[in-house]
Amino acid sequence: MRADPDFLELEPLDDVEAPTPGVARQTVELLIALCIGVLLFRTFSAEAYVVPTGSMAPTLLGHHVEVTCPNCKFLFDVGVDEEAPPARPVCPNCGRDDLDSAPATLGNGDRVLVQKFLFDFRAPRRWEVAVFHFPGDPSQAYVKRVVGLPGESIQVIGGDVRVDGAVARKDPDDVRAMRILVHDARYAPADSDRYPRWTFRRGDSWSDAPSGWSRTSEGFRREPAGPAAIDADADDWLVYRHWDPGLERYAPIRDYYGYNGGDGRSDNAVRDVALEARVKLDPDVRSLALSLRSGGDRFLVRVPTRAEEPVEVVRDGVARKVFALSNPLALGDPGEVHVIEASVFDARLMVLVDGSPLFEPYDYDDPTDPRWNDESPIALGVRGGALEVPDFRIYRDVYYTGGPGAAYRHPSGVLEPVPLGEGEYFVLGDNSPVSNDSRFWPQGPVVRRELFLGKPFLVHLPGRAVALQVFGRSLYWIPDPRRIRYIH
């Protein structure tokens, strides 16, 4: 019986059998060199651990099953707890919930390589994943995300981390590392005609002008609608409508985790949203428009395709001044494919094209009624010309909760700030509703610097179970190269 479900397991080094007589000398020397190299690597550079639980999902997975949704063909993971009944799978992409007989493959916990001694040379940084000795039992290793640094006062309010009373903001790399997929348009639900996730609209919501958008086998395509002069003066919108997997209806995006199953709690509307889309513009396109709604705030970003025209940022109908950088849409060749990323995380608006920011991040400290949300927080508009959108994904930010799973404890850093002294850190899990982290440790919420073991940087040997009859055994673990990935 484990003392706590969140600890990591040290992965032992596999034994290497001695070569049989007759093997060429070169092979023996190669094996010896390989063993020495692995031992040196593990001793002085990296250590391997197994993640048994999903407290850091979806960044790191514990023991799980991979389910294929029959409605949209989306693959998603559902956690497996050896000491609890299996979670009820519900597709996070389309909301289908009758999936008990859907194709599923058992997968083990992520095996991660941890860069040892890194924190002997530099301090842990905010938003980075770290492995450390659990303060309550130093024989156990935990993996969490660092959110609070020495000398700061940390509190979780409205899903955000606040440092000394101000929202802790993320840069583009942090956004990419922590964003959680809500919907991927490449996986169209079979019932999309009955419950459409995307709608097409020309101009304002009350306009009855025809839209040029349509769905194709390769994504979305927009053709000019009406005379060229009129087409270039009104936005033609591709609008996302969120279908809530738990409520089974259109609703604002909430903190739902497909990994936790359909019976997991998701009580909180999430105002921090993001999009990523690949677009291919015809030469006649005049501009792209991005609409993002965060609580009561609506942001409109217009990106022109002419170098002489400026990027426009409008918040709640009022133009805002931003420090413009570069605009790849105005510099690229016609027909070139561009990647658009836009996010409103932690009261910060960012837009990037092909990895380059259009303007310096726009920060605001006066959100308009953060409790207000709607079912259509994101839209993409175009003026003039044709446009192809083969990929379109919707994301949300991690929403840090008070933790219903540990409600019998007084949560640290939720009702009141936690001051951190010298060498003290505050850590949280990405799968906030089920994570046992600084909020709930009875011995105190801090991790001292000397307890840090290192930084995990690679999921190096993910595996899954397959039914194979080999030497009388019917179940074998085989490597799953699709899951190899860097950890950010």
Side-chain angles (χ1 to χ4, degrees), residues 2-16 31-63 108-150 173-174 177-178 420 422-431 435-438 441 443-463 479 481 483-488:
R2 296 185 303 206
D4 193 279
D6 272 0
F7 76 96
L8 300 185
E9 300 167 353
L10 183 63
E11 182 180 29
L13 180 66
D14 294 334
D15 294 333
V16 179
L31 290 174
I32 293 174
L34 179 62
C35 291
I36 293 174
V38 170
L39 289 173
L40 289 175
F41 181 70
R42 291 193 56 178
T43 301
F44 299 105
S45 181
E47 193 76 72
Y49 289 85
V50 178
V51 180
T53 71
S55 66
M56 279 294 293
T59 303
L60 297 173
L61 305 179
H63 302 300
N108 58 13
D110 282 340
R111 287 173 164 82
V112 298
L113 286 180
V114 176
Q115 188 176 2
K116 302 192 315 183
F117 312 123
L118 174 65
F119 299 134
D120 292 340
F121 300 97
R122 70 162 177 84
R125 297 167 180 166
R126 193 181 336 274
W127 306 129
E128 90 180 325
V129 181
V131 172
F132 53 90
H133 291 294
F134 174 45
D137 182 358
S139 66
Q140 297 182 1
Y142 273 32
V143 58
K144 304 292 178 187
R145 194 177 295 275
V146 177
V147 303
L149 308 180
D173 289 337
D174 297 326
M178 297 181 63
L420 300 176
E422 182 178 356
E424 294 181 342
Y425 296 82
F426 197 91
V427 299
L428 296 173
D430 287 0
N431 192 349
S435 175
N436 182 23
D437 47 40
S438 283
W441 295 336
Q443 74 282 352
V446 304
V447 180
R448 295 200 55 81
R449 181 169 177 177
E450 57 265 24
L451 294 179
F452 282 90
L453 292 169
K455 175 181 172 62
F457 65 94
L458 180 71
V459 177
H460 73 291
L461 191 60
R483 299 281 187 160
I484 297 175
R485 62 193 184 277
Y486 286 106
I487 303 167
H488 300 287

request  = Decide ring pair (Phe, Tyr, Trp, His ring centres under 6.0 Å) for Phe132 and Phe119; before the verdict, give the C-alpha distance in whole Å, the side-chain angles of both, and the deciding distance to 0.1 Å.
outcome  = CA-CA 10 Å; Phe132 53 90; Phe119 299 134; over 10 Å; no
| Is there a donor-acceptor pair under 3.5 Å between the side chain of Ser438 and the backbone N or O of Pro445? | yes
Exactly one candidate in Val146, Leu149, Val447 meets side chain to side chain contact (heavy atoms under 4.5 Å, CB included) with Pro124; the answer is Val146
| Is the backbone N or O of Pro481 less than 3.5 Å from a side-chain atom of Arg483, with the two atoms forming a donor-acceptor pair by type? | no
dist His133:NE2 -> Arg448:CZ (nearest 0.5 Å) comes out at 14.5 Å
Between Ala130 and Pro456, the two heavy atoms sitting closest are CA-CD, 3.9 Å
In this structure, CZ of Phe117 is separated from CZ of Arg122 (nearest 0.5 Å) by 15.5 Å
In this structure, CG of Leu61 is separated from OG1 of Thr53 (nearest 0.5 Å) by 10.5 Å
Of all heavy-atom pairs linking Glu424 and Val446, the shortest is OE1-CG1, 3.9 Å
- Item | Backbone N/O of Gly54 and side chain of Asn431: donor-acceptor pair under 3.5 Å | yes
Applying salt bridge (charged side-chain N to carboxylate O under 4.0 Å, His left out) to Arg126 and not counting sequence neighbours gives Glu152
Min side-chain heavy-atom separation Val112-Val143 under 4.5 Å | no
Discussion item. Donor-acceptor pair, distance only, cut-off 3.5 Å: does the side chain of Gln140 make one with the backbone of Asp137?
Written reply: no
All heavy atoms of Ala48 vs all of His460, minimum pair found to be CB-CE1, 4.2 Å
Distance col, row Asp120:CG vs Glu450:CD, nearest 0.5 angstrom, shows 11.0 Å
Between Asp110 and the options Val459, Val50, Leu458, the side chain to side chain contact (heavy atoms under 4.5 Å, CB included) test singles out Val459
d(Arg145 CZ, Asp437 CG) to nearest 0.5 Å is 12.0 Å
- If we only count heavy atoms from C-beta on, is the Pro150 to Tyr425 side-chain gap below 4.5 Å? yes
Between Val427 and Trp441, the two heavy atoms sitting closest are CG2-CH2, 3.6 Å
| said: Can a donor-acceptor pair be found, under 3.5 Å and without considering hydrogens, that links the side chain of His63 to the backbone of Asn108? | reply: no
### Message
Pair Asp430, Thr59 - check side chain to side chain donor-acceptor pair (under 3.5 Å), show working.
### Response
CA-CA 7 Å; Asp430 287 0; Thr59 303; 2.6 Å; yes
Query raised in the report: Is there a side-chain contact between Val114 and Tyr49, using heavy atoms and a 4.5 Å cut-off?
Result: yes
Exactly one of Val131, Asn436, Leu8 clears side chain to side chain contact (heavy atoms under 4.5 Å, CB included) with Tyr142, and that residue is Asn436
Interatomic distance, CG@Leu60 vs NZ@Lys144, rounded to 0.5 Å, equals 10.5 Å
